[in-house]
Amino acid sequence: MTSSIQDVFTHIENNQQLFVKRLAEWVSVRSVSSQPELRGEVLRMVQMTAQHIERLGGAVEMVDIGTETLADGSKLALPPVILAEIGRDPAKKTVCVYGHLDVQPAQLEDGWDSDPFTLTHRNGKLYGRGATDDKGPVLSWLNCIESFQAVSKALPVNVKLCLEGMEESGSIGLGELIAERGKSFFGNVDCVCISDSYWLGTQTPCLTFGLRGLCYFEIEVQCAQRDLHSGVYGGSVHEAMTDLTQILASLVDSSGRILVPGIYKSVKPLSEMEAQLCANVDFSPEEYRLEIGATTLQQHTKEDILNHRWHLPSLSIHGIEGAFSELGQKTVIPSRVVGKFSIRTVPNMEPDEVERQVKDYVAQTFSELRSPNRFRITMPVGSQAWVADSTHPNYTAGRNAMRRVFGVEPNLIRDGCSIPVTLDFARHTALNVLLLSLGACDDGAHSQNEKFNLSNYMNGMKVMASYLEELSLVLPKE
Ligand SMILES: Cn1cncc1C[C@H](N)C(=O)O
Ligand code: BAL
Ligand SMILES: [Zn+2]
Ligand SMILES: [Zn+2]
């Protein structure tokens, strides 16, 4: 008797402990791509994943994508990209699953309740850096495939995997690889699925069809050759921090309006359909405010909040490299500081135009300070927004899978975060990309106490299994 999808579901349910143990092992790897000293850990995470795929019978290629040049001019090897395939049946359709194995930085002192790299199960939530972004979802794909194999049910479609270790650093090198393999590895792919996004709330599942882009800026100011005693030298030096804080303060006002001249001129006007979407989705401004612990939000209606998160640019100031930020009272004038901020871009904004507008404005602001200090601004990462065709059968398969597992109609939403590879697929292939969102809105990706609900982890694997089966049914036959 052939096994059914229900047998796959049952296997998933029966192996919860094993799947949680595996996630703990993945979370324990400090694969932080933005910290050069942890590059070896990113490599280890990629190698661990490749071996896991091979144990599933997958054919794995570890593609060398070269090196990156660090701020000091030194070169650092980029982690290889995994291109793998499980199933090569020419009679079946093929889906490519993308995910990332690197994570954002984290340390207990940031305010975590437990070690960020020790998966901690509390009240049905699995706490750890990367649990939801994106190790949990990537591991879910592998557990899902294993569950088909365990009940001797053939995969309904062939599965290819494209897994990288630099997404949290802008996916350096991945775009070139997709361009190079667009007709070979990706040539027989019918659609793409990415699970690296979150629901609008904690109950209603979502499919995501649009993201904002990201332009990341670094402003360097230097006032001396070494840090200086603020008592001995204060009052006689044009301090770098004074220049930098005035520049940062000139970028955005307290209402969140970006002050860079012309930054809004290319923003696409809100369409009636987009306004309707904001009105129709299941989203509670009050739950959102409480969940993030904000006293008040900058907007007050559901429509206005979502419009600002999805369809309008935002500017966030992230930090100052070289500035003192430890406990205690260090009384030093930092000789060199680097201010870091980013602009989330939306449709019709072009990164090149944003770069020009920001650099012109910041240079003008700096010149008005009449400062003798050394000044430099760079934009290491720049990407546009991304919007998919949500009428594609790929979205039908995702919708059917969500409905089957959760018993409710998923919401179709956009998100304000950025996943560079979506643009690479749009630029170099004609493939439809579905964001099969598995995380809940309160997962805290990039934040302290990032978590992945055990129920989202387990149900997510069932959604993936069902999605693979739905794809085999809805993708048009040749
Ligand atoms: C750093 N970066 C550049 N593009 C995307 C990222 C990281 C992450 N996906 C974000 O939305 O913030
Ligand atoms: N998870 C959404 C894109 C990123 O932050 O990795
Ligand atoms: Zn992610
Ligand atoms: Zn992330």
Side-chain angles (χ1 to χ4, degrees), residues 26-27 31-35 42 45 49 68 78-79 97-106 128-141 162-175 178 192-200 206-218 309-310 313-319 340-346 349 351 354-355 378-386 388 413-427 433-448 450-452 456 460:
W26 280 36
V27 163
S31 50
V32 179
S33 55
S34 61
Q35 292 171 354
V42 180
M45 188 67 238
T49 307
E68 64 172 306
L78 290 165
V97 162
Y98 161 88
H100 66 91
L101 301 166
D102 63 314
V103 296
Q104 286 270 324
R129 176 58 88 221
T132 193
D133 184 15
D134 187 39
K135 290 178 176 178
V138 172
L139 183 54
S140 296
W141 283 112
C162 173
L163 305 175
E164 69 161 314
M166 289 297 288
E167 194 278 342
E168 299 291 3
S169 298
S171 299
I172 304 168
L174 184 61
I178 291 176
V192 176
C193 187
I194 299 176
S195 287
D196 187 21
S197 47
Y198 317 102
W199 301 350
L200 258 189
C206 296
L207 301 176
T208 307
F209 73 101
L211 298 171
R212 292 195 290 189
L214 180 75
C215 287
Y216 202 98
F217 292 90
E218 300 187 358
R309 288 174 65 184
W310 298 350
S314 58
L315 188 149
S316 301
I317 297 171
H318 303 297
K340 301 183 178 182
F341 69 95
S342 65
I343 292 176
R344 294 284 173 174
T345 58
V346 295
M349 291 173 81
V354 171
E355 180 177 23
T378 56
M379 186 180 83
V381 173
S383 69
Q384 302 162 303
W386 168 83
I413 65 170
R414 288 171 63 162
D415 198 318
C417 65
S418 319
I419 304 177
V421 77
T422 53
L423 293 158
D424 295 325
F425 280 121
R427 203 170 283 133
V433 176
L434 161 69
L435 300 190
L436 191 67
S437 306
L438 296 187
C441 69
D442 62 349
D443 279 359
H446 296 203
S447 300
Q448 300 89 338
E450 173 184 346
K451 57 90 177 162
F452 196 29
N456 285 60

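All of these numbers come straight from a predicted model, not from anything done at the bench. For ligands, and for the atoms within them, numbers begin at 1 and follow the listed sequence.
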Subject >> Check: Ser342 and Phe217 side chains under 4.5 Å, non-hydrogen atoms >> reply: no

Original post:
Are the side chain of Asp134 and the backbone N or O of His100 linked by a donor-acceptor pair below 3.5 Å?
Top reply: yes

Subject >> Shortest non-hydrogen separation from Met45 to Leu101 and the atoms involved >> reply: CG-O, 3.6 Å

Subject >> Neighbouring protein residues of ligand 2 - any heavy atom closer than 4.0 Å >> reply: His100, Asp133, Glu167, Glu168, Asp196, Tyr198, Cys417, Ser418, Ile419, His446

Subject >> Asp133 side-chain N/O to Gly130 backbone N/O, donor-acceptor pair under 3.5 Å >> reply: no

**OP:** Answer yes if the side chains of Ser437 and Thr208 hold a donor-acceptor pair under 3.5 Å, and no otherwise.
**Re:** yes

Original post:
Under 3.5 Å, side chain of Arg212 to main-chain N/O of Asp415, donor-acceptor pair present?
Top reply: no

Original post:
Using a 4.0 angstrom limit on heavy atoms, which residues are close to ligand 1?
Top reply: Glu167, Glu168, Gly170, Leu214, Arg344, Cys417, Ser418, Pro420, His446

Original post:
Which atom names give the shortest non-hydrogen contact between Ile343 and Pro313, and what distance separates them?
Top reply: CG2-CB, 4.4 Å

**OP:** Return yes if a side-chain donor-acceptor contact under 3.5 Å exists between Ser33 and Glu167, otherwise no.
**Re:** no

**OP:** Work out which heavy atom in Gly416 is nearest to a heavy atom in Trp310; give both atom names and the distance.
**Re:** N-CD1, 4.2 Å

Original post:
Salt bridge between Asp442 and Lys451, side-chain N to carboxylate O under 4.0 Å?
Top reply: yes

**OP:** Please name the residue in the list Ser383, Ser418, Ser314 that meets the side-chain hydrogen bond (donor to acceptor under 3.5 Å, both in side chains) test with Arg344.
**Re:** Ser418

**OP:** Just jot down the ring-ring contact (aromatic ring centres under 6.0 Å, His included) partners of Tyr98, sequence neighbours excluded, or say none.
**Re:** none

Original post:
the Zn ion (ligand 3): which protein N, O or S atoms are under 2.8 Å away?
Top reply: His100 NE2, Asp133 OD1, Asp196 OD1, Asp196 OD2

Subject >> Flag side-chain contact, heavy atom, 4.5 Å: Leu214 against Cys417 >> reply: no

